[in-house]
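Report on the following structure.
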Amino acid sequence: EEIGASSFASNGTRILTTSDSGVELWDSRSGERLEYIAANVRNGVHASPDLRYVAIPKGDGSDVEVRELHGGALRVKLHSSKPVWWATFNHRGTRIATANGAGLIELWNLDGGRIAALQGHDSLSQDVEFSPDDTQLLSASNDRTARLWDIASSTELRRVTHQDEIDAARFDTTGTRFVTASADKVVTLWDTATATPIHAFAHESAVRSVAFNNTLLAGASSSGAIQVWDLASGKEAARFKHTWVPQAVDFDGDRMLSTGLDGRIVVWDVSTSVEAPDRVVLFVCQTLSEGDVQTRNTLHCARGNSPR
C-alpha cells in the first residue's frame with residue numbers, strides 16, 4: 001500500500017504513517033503496529049506530542065477530524081473553507097495549524113474554534129509547521145513562496161521564494177534556521193531572523209520532503225532518491241533509494257525515517273551507514289534476496305550481490 005506523510009513521534013519511539021486506508025502508529029524499534037484508524041485521508045496527518053490525539057485532514061471534504069489515537073473516537077471537527085492538505089499540533093499539544101487548498105493557514109484550539117486565519121498565499125499550501133517556541137508558523141505553498149508568520153499578531157514576518165512550487169519547509173531544533181524544498185530541484189537553508197539564504201543543495205529531481213538534524217540534511221526527491229548532505233561542508237554524504245517516489249523523510253538524532261509510494265517504511269542508522277552513495281547502494285544490494293527483482297533492478301544490483 002502506498003505510504004504518504006509520516007513522521008517520528010514520542011521522542012522517536014513511535015512512527016506515524018498515513019495511507020489511503022487510514023492512519024497507523026508503529027513501534028520504531030520493533031516494527032510492531034500499535035494503533036490503526038480507518039479513515040479517508042488526504043495527507044499531512046500528525047499526532048499530539050503526548051500521542052493522545054491525531055489530526056486527520058479528510059480526503060473527501062474540507063474537514064479535519066481530531067480523533068483519539070487509541071481507539072479512534074472523534075473529539076472534534078475543524079471546518080475549513082477548502083480541502084486541507086496538512087494539519088499539525090504545536091509542541092504543547094494545545095493548538096493545531098492547518099494549510100488548505102486556497103493557501104489559507106488557520107490556527108485552531110482543541111475545541112474546534114478557529115483562533116486565526118493567516119492570508120497571503122494565493123495557491124495551494126501543503127505544509128505548515130510551528131517554530132520550536134510555538135511563537136511562529138512556517139508555511140509552504142504552490143505559489144513558490146514560504147512564509148514566516150507571527151502567531152500573536154497573525155501577521156506575515158518574512159517570505160522566501162523558489163523558481164517552482166515549494167512542497168515542504170522545516171525549522172531546525174533552535175528555530176534560528178529553516179529549510180525549504182521545491183519542485184525546482186533545490187533545497188535551501190535560510191536564516192530565520194533575516195530570511196537570507198545560507199546554502200542551496202541541488203537535487204537530481206523535484207524535492208517532495210525535507211528534514212535535518214544537527215549535522216545532516218535529507219531531501220526526498222521524485223526520482224526515488226533520498227540525498228543526504230553534510231551541513232558543514234555542503235557536500236552530499238550519502239544517497240538512499242526507494243523503488244518509487246518517496247513521500248516523507250524525518251530525523252530522530254542519528255536515525256532517518258523514509259516512506260514512499262512503494263509502501264516501504266525504512267529507518268536508517270545514519271551514524272554508521274552514511275557513506276559514498278555507491279557504497280550505500282552496494283550494501284543494500286547485498287541485503288536483498290534474488291527474488292526482490294523490482295528493487296534490485298531499480299538499484300542496478302549486480303548478480304550475486306545478495307545474502308549468502
Side-chain angles (χ1 to χ4, degrees), residues 2-7 43-44 85-86 123-127 129 138-146 160-172 177-191 195-251 255-262 264-268 270 273-284 295 298-300:
E2 297 177 357
I3 307 296
S6 63
S7 58
N43 205 355
W85 290 82
W86 202 263
S123 185
L124 182 152
S125 182
Q126 53 186 322
D127 197 3
E129 183 177 67
L138 173 64
S139 60
S141 172
N142 285 11
D143 67 5
R144 304 184 179 187
T145 71
V160 299
T161 61
H162 276 259
Q163 297 302 308
D164 207 332
E165 67 180 61
I166 302 177
D167 290 336
R170 294 287 178 271
F171 284 106
D172 73 357
R177 300 178 300 174
F178 66 93
V179 289
T180 51
S182 173
D184 66 7
K185 305 180 184 180
V186 175
V187 170
T188 304
L189 178 67
W190 308 85
D191 179 271
T196 55
I198 299 171
H199 194 86
F201 303 86
H203 288 65
E204 67 178 31
S205 60
V207 188
R208 300 283 302 164
S209 179
V210 66
F212 61 141
N213 61 16
N214 292 332
T215 59
L216 299 173
L217 179 148
S221 65
S222 59
S223 68
I226 299 171
Q227 294 176 243
V228 179
W229 306 82
D230 182 275
L231 283 171
S233 68
K235 295 181 179 180
E236 186 173 358
R239 188 175 299 201
F240 303 88
K241 290 285 287 186
H242 274 257
T243 55
W244 203 5
V245 181
Q247 293 292 291
V249 63
D250 196 16
F251 276 108
R255 296 187 303 156
M256 185 181 75
L257 166 69
S258 63
T259 57
L261 298 183
D262 56 8
R264 295 175 181 270
I265 305 169
V266 185
V267 177
W268 309 86
V270 295
S273 61
V274 172
E275 300 185 52
D278 289 345
R279 290 183 59 83
V280 174
V281 170
L282 177 61
F283 171 79
V284 174
T295 305
T298 299
L299 298 178
H300 304 292

Just so I know, are the side chains of [X] and [Y] near enough to count as touching, which here means a heavy-atom distance under 4.5 Å?
X    : Y    : answer
H242 : V266 : yes
L189 : F212 : yes
S6   : L257 : yes
T161 : R144 : no
V270 : V228 : no
H162 : T180 : yes
V210 : F178 : no
S139 : S125 : yes

Looking only at heavy atoms, what is the nearest atom pair of [X] and [Y], with distance?
X    : Y    : value
M256 : F251 : CB-CE2, 3.8 Å
D262 : R264 : OD1-N, 3.0 Å
A248 : G4   : CB-O, 4.0 Å
A146 : I166 : N-CD1, 3.5 Å
S141 : S123 : OG-O, 3.1 Å
A5   : G44  : CB-N, 3.6 Å

Atom [atom1] of [X] and atom [atom2] of [Y]: how far apart are they, to the nearest 0.5 Å?
X    : Y    : atom1 : atom2 : result
E165 : S182 : CD    : OG    : 7.0 Å
D167 : N142 : CG    : CG    : 6.5 Å
S233 : H199 : OG    : NE2   : 8.0 Å
F201 : T188 : CZ    : OG1   : 8.5 Å
Q247 : L261 : CD    : CG    : 4.0 Å
L217 : R177 : CG    : CZ    : 9.5 Å

* Whether over 12 other heavy atoms sit under 6.0 Å from W190 CH2 -> yes

* In plain terms, say whether R170 and D127 are close enough for a salt bridge, that is, a side-chain N and a carboxylate O under 4.0 Å apart. =>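 Salt bridge flag = yes for D127 with R170.
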
* Residues in salt bridge (charged side-chain N to carboxylate O under 4.0 Å, His left out) with D250, at least two apart? ->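 D250: no salt bridge (charged side-chain N to carboxylate O under 4.0 Å, His left out) contacts found.
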
* Determine yes or no for a side-chain-to-main-chain donor-acceptor pair under 3.5 angstrom, with T196 supplying the side chain and D191 the backbone. => no

* With distance as the sole test, does R239 use its side chain to make a donor-acceptor pair with the main-chain N or O of Q227 at under 3.5 Å? ->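 Not a single qualifying donor-acceptor pair exists.
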
